[in-house]
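Heads up: the structure comes next, in structure tokens.
Here the structure is a predicted model, which means the values were calculated and not measured. Chain identifiers are assigned alphabetically (A, B, ...) following the order of the sequence lines, protein sequences preceding nucleic acid strands; residue numbering begins at 1 within each chain. Side-chain atoms are counted along with the backbone in the values below, which use heavy atoms only and exclude waters and symmetry mates.
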There are 2 protein chains.
Amino acid sequence: MATISDVAERAGLSRTTVSRVINQHPYVSEEKKKLVKQAMEELQYVPNSNAQKLRKQKTETIAVYVPRLTNPFFSQLVETMEEVAAEKEFQLLFCQTRYNKQQELSYLQLLRGKQIDGLILTSMENHWTEIEPYLTYGPIVLCNEYDYEAKVPMAHLDQVMGGYIGTQHLIDRGHQSIVYCSSEPGGSRVSKGRQEGYIKAMHQAGISIKPEWMYTDQFTIEGGKRLFYRLHNLKERPTAVFTGSDEVASGLIFEARKNGYRIPDDLAVIGFDDQPVAELMGLTTVKQPVHQLGRTAMELMVEQIQSSQKISSNRVELPFELIIRDST
Amino acid sequence: MATISDVAERAGLSRTTVSRVINQHPYVSEEKKKLVKQAMEELQYVPNSNAQKLRKQKTETIAVYVPRLTNPFFSQLVETMEEVAAEKEFQLLFCQTRYNKQQELSYLQLLRGKQIDGLILTSMENHWTEIEPYLTYGPIVLCNEYDYEAKVPMAHLDQVMGGYIGTQHLIDRGHQSIVYCSSEPGGSRVSKGRQEGYIKAMHQAGISIKPEWMYTDQFTIEGGKRLFYRLHNLKERPTAVFTGSDEVASGLIFEARKNGYRIPDDLAVIGFDDQPVAELMGLTTVKQPVHQLGRTAMELMVEQIQSSQKISSNRVELPFELIIRDST
DNA sequence: TATATACATGAAATCGTTTTCATAACTGAT
DNA sequence: ATCAGTTATGAAAACGATTTCATGTATATA
């Protein structure tokens, strides 16, 4: 494979000049520029990007961490991020943490090894204090996930508000016994915030929350089905359910209908995200502007990489939207 | 940031020895090994991976090209591939071609720039002859997409069989006027093969195909909705539809029900893939073993990278499964 | 005892670029 | 005529690792 030296030799010039042409430096005469371009063409020369990265100390690569891709929320996010990255001529390294602290930490080494210019976290398995030290090695941007202690750019939503809006809608519809089921396993901020919103709305309405109304760790269609049977078997059945994802809501409704429930009369269900399946299932849901979320996060990242000074904090908060369909 | 020289100095040894420890070469005494490890620890040393890649001429990175991630078929594929890659200690570079020839070709440059060790194509926008030359620069594996001219490893399904199975099922149910709607835009092999299977089944059953029974370029829920209205407006409406994806099938059923159609009595619909939504919609579908497809492709890739000799051809064909639910 | 072989280490070359530094020619202003 | 600044080019250093080659010592073999 041809190297820059081969090109230089063929053009009868120095490596430096060839490099200048590649990098569009000024101060190369048109004449030599032509010679170089011809030689590159003839040799089918493409610069070795590892050599470039080593020398330039830049990789033009951004890593994005998601828990699991088949969660449509995250695949939408990644799709958008790749688009924006491509626009800005960055590559995307894709990593799944699988809701696993160790996995997340091990992927963080990519930053230290200079393999990437920056890192976007869409979820955080570890506490921020575990992650913060890695800021020495490169910029980190939070997307969806947030942490008010963290002094880094972030694009996210006010999850407390999200939980509040959804719960309030159910209360407005006249419900009193409302189950809350979180989507994110573990104690993520996202999940905690949403739960806080639920509690706030319930308290404001003067409803006291029963312990058997709180569920966690369900975040799939299967989880929604399981949830149905748990509720079905309660002595006092709730009249409404707030779920942390359209998946869970869909599974729940599916299984409920199979068991003869009429939705929303026997059970009202509200989802979260407004994924494509929400429309198909006629799901009332709290819509997150996923597209905008991903775009903003990637733009914050690129901005930070390209500006020399460190942007310590730049928080973008996007709005929710309540989409009312037939499940409430 | 500490370099290998810093570590060597601190340990009172040469860079060579430090490198040997990093790479687990034999012929390093336990004593020195300890010294090196301690020095690495104290300096928080992590090797610069760009330097390693440059010198080793290996990147431990595999690129995977998909058209668009939000197609659940592809996000499942990528999810699995990342898992397998992580097992084998490879990184995943993620690229979307957006069903665009140019985009695909421009991403192919990654191979020439030595940025990746290999490339998995899950779809092919360009003809194989356009892609073949890049084999000089590194291995390419086909996944889902296939081409019998291509002498490269591939994991795929017999799409002719897929089209046949689905159509035959509709024929078995007594249908005669069956619409075919492909999912893949353009003239991909996958799409062509499936169509061939449809034609084969129809011919075998002695049914002649009407031109208004063939649709292409629909591959989303919205596309399914549009398809419904097209069919609805036909003078002679078909009694069954074979769709190339569960998305299209779902959109079609959704809109049909909205317009008072009973499924499957007024219109039978069969999907493709068996995505999660298929169960929710009660969709009969031709299941593709996506998980296995992704795993096999990634394994073929790693195998080829790690074995020194070129494996010119290693074709793995996986089986379909017909999942019968309520839509037929 | 001579000699091949395994073990252990380091100096220097190498991977393929970009960057720094040096040099020189040309331009325009004083 | 001199000086400063712009334009144009190349030699050599640098990026941070691994690999090759050379050398020395300990051990086993004939």
Going by atom type alone, with no hydrogens or angles, which donor-acceptor pairs under 3.5 Å involve a side-chain atom of residues 34-41 of chain A and a protein atom two or more places apart or on another chain?
residue : atom : partner : partner atom : Å
A:Q38   : NE2  : A:E42   : OE2          : 3.0

* To do: Decide if the gap between the ring center of A:F73 and the ring center of A:F219 is smaller than 6.0 angstrom.
  => no

* Asked: Is any side-chain N of the basic residue among A:E104 and A:K101 closer than 4.0 Å to the acidic one's carboxylate O?
  -> no

* **Test item: B:T122 side-chain N/O and B:Y65 main-chain N/O as donor-acceptor pair under 3.5 Å** => yes

* Structure fact -> Separation between CG (B:L54) and OG (B:S49), nearest 0.5 Å, reads 11.5 Å

* Sub-4.0 Å heavy-atom contacts from residues 37-50 of chain A onto DNA chain C, ordered by number -> A:Y45, A:V46, A:P47, A:N48

* Asked: When the nearest nucleotide of DNA chain C is assigned to A:M1 and to A:R20 on a heavy-atom basis, which residue is associated with the more 5' position?
  -> A:M1

* To do: Output, in order, the C-alpha distance, side-chain angles, deciding distance and verdict of side-chain contact (heavy atoms from CB on, under 4.5 Å) for A:T3 and A:N48.
  => CA-CA 8 Å; A:T3 72; A:N48 179 309; over 6 Å; no

* Asked: Phosphate oxygens OP1/OP2 of D:dG16: is one of them under 4.0 Å from a side-chain N or O of B:T3?
  -> no

* Residues of residues 6-14 of chain A with any non-hydrogen atom less than 4.0 angstrom from an atom of DNA chain C: list those, numerically ordered, please. => none

* Check step by step if side-chain contact (heavy atoms from CB on, under 4.5 Å) holds for B:Y45 and B:I4. => CA-CA 8 Å; B:Y45 170 75; B:I4 198 172; 3.7 Å; yes

* For the atom pair CG (B:L318) and NE2 (B:H156), what is the distance rounded to the nearest 0.5 Å? -> 8.5 Å

* Structure fact -> Rounded to the nearest 0.5 Å, the CD atom of B:E130 sits from the CG atom of B:L108 at a distance of 9.5 Å

* Asked: Contact class for A:K114 (heavy atom, under 4.0 Å): base, sugar-phosphate, or nothing?
  -> nothing

* Asked: Got a sec: does the CD of B:E299 have more than 12 other heavy atoms crowding it under 6.0 Å?
  -> yes

* To do: In plain terms, say whether A:E145 and A:R189 are close enough for a salt bridge, that is, a side-chain N and a carboxylate O under 4.0 Å apart.
  => no

* To do: Go through DNA chain C in 5' to 3' direction and return only the first and the last nucleotide with some atom under 4.0 Å of chain B's heavy atoms.
  => C:dA6 to C:dG16

* **Chi angles and distances behind the side-chain contact (heavy atoms from CB on, under 4.5 Å) call for A:N314, A:Q304** => CA-CA 10 Å; A:N314 192 351; A:Q304 182 160 201; over 6 Å; no

* **Close approaches to DNA chain C from residues 51-61 of chain B, in residue order (heavy atom, under 4.0 Å)** => B:L54, B:R55, B:Q57

* Can you check the B:H25 NE2 to D:dT18 P distance for me, whole Å? -> 8 Å

* Asked: D:dA11 base to A:T16 side chain: any donor-acceptor pair below 3.5 Å?
  -> yes

* Report yes if at least one side-chain N or O of A:T17 is closer than 4.0 Å to OP1 or OP2 of D:dT9; otherwise report no. => no

* Mark yes or no for whether B:S19, through its side chain, and B:R15, through its backbone, hold a donor-acceptor pair below 3.5 Å. => no

* Asked: Taking atom C1' of D:dA8 as reference, at what distance in whole Å does atom CG of A:L35 sit?
  -> 14 Å

* Greater than 12 external heavy atoms within 6.0 Å of A:R68's CZ -> no

* D:dT23 C1' sits how many Å from B:Y27 OH, rounded? -> 16 Å

* State the CE-NZ distance between A:M301 and A:K88, to the nearest 0.5 angstrom. => 12.5 Å

* Asked: What is the bend of the helix from C:dT1-D:dA30 to C:dT30-D:dA1 when you compare the axis at one end with the axis at the other, using five pairs each and rounding to 10°?
  -> 40°

* Counting only heavy atoms not in A:Q103, do more than 12 sit closer than 6.0 Å to its CD atom? -> yes

